[in-house]
Amino acid sequence: MQLKIESIELADPAFQPIVQKLSNAIQESKKLIFEREELPRYMTKKQASSYMNVSYNTMMQKYVPQGLKIIVIDGVTRIDQKDCDDFMKEFKK
């Protein structure tokens, strides 16, 4: 079976829900990319939970006990972006 579409007029009202969803998805992607670029490499716990797109409690109560590495220097805690990425890759299936 082969589907051949010569052209689609996205201005057609029937396509507006699709166009709107695509537009929203693009805007959300841009926002996430911008936020990730704005975060420092060595993040606070709050920044790290945002970077990983999980709640603070999930990160601290589940991910840290499961092996997410944290850095503590004189009572100041930081989490390396690379360690977050490595942790997520470890659980990738």
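Side chains included, hydrogens not; waters and symmetry mates left out as well; all remaining heavy atoms used. As the structure is a prediction and not an experimental result, all values here were calculated from the model.
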If every non-hydrogen atom of Pro13 is compared with every non-hydrogen atom of Pro17, which pair is closest and at what distance? O-CD, 3.8 Å

Drop me the distance from Ile18's CD1 to Leu22's CG, to the nearest 0.5 angstrom. 7.5 Å

Would you be so kind as to tabulate the donor-acceptor pairs closer than 3.5 Å made by side chains of residues 54-71, with sequence neighbours excluded?
from	atom 1	to	atom 2	distance (Å)
Ser55	OG	Thr58	N	3.0
Ser55	OG	Thr58	OG1	2.9

Hydrophobic side-chain clustering at under 4.5 Å (ILVMFWY, transitive links): who's grouped with Ile26? Put none if nobody. none

Under 3.5 Å, which donor-acceptor pairs do the side chains of residues 39-48 form with other protein atoms, sequence neighbours left out?
from	atom 1	to	atom 2	distance (Å)
Arg41	NE	Asp80	OD1	2.9
Arg41	NE	Asp80	OD2	3.4
Arg41	NH2	Asp80	OD2	2.9
Thr44	OG1	Gln47	N	3.1
Thr44	OG1	Gln47	OE1	3.4
Gln47	OE1	Thr44	N	2.8

Judged by modelled atom types alone, do Asp85 and Gln81 share a side-chain donor-acceptor pair under 3.5 Å? no

Restricting to salt bridge (charged side-chain N to carboxylate O under 4.0 Å, His left out), what partner residues turn up for Lys82, sequence neighbours left out? Asp86

Kindly work out whether a path of hydrophobic side-chain contacts (I/L/V/M/F/W/Y, heavy atoms less than 4.5 Å apart) joins Phe91 to Met88. yes

Sequence neighbours excluded, which residues qualify as side-chain contact (heavy atoms from CB on, under 4.5 Å) partners of Glu28? Lys31, Leu32

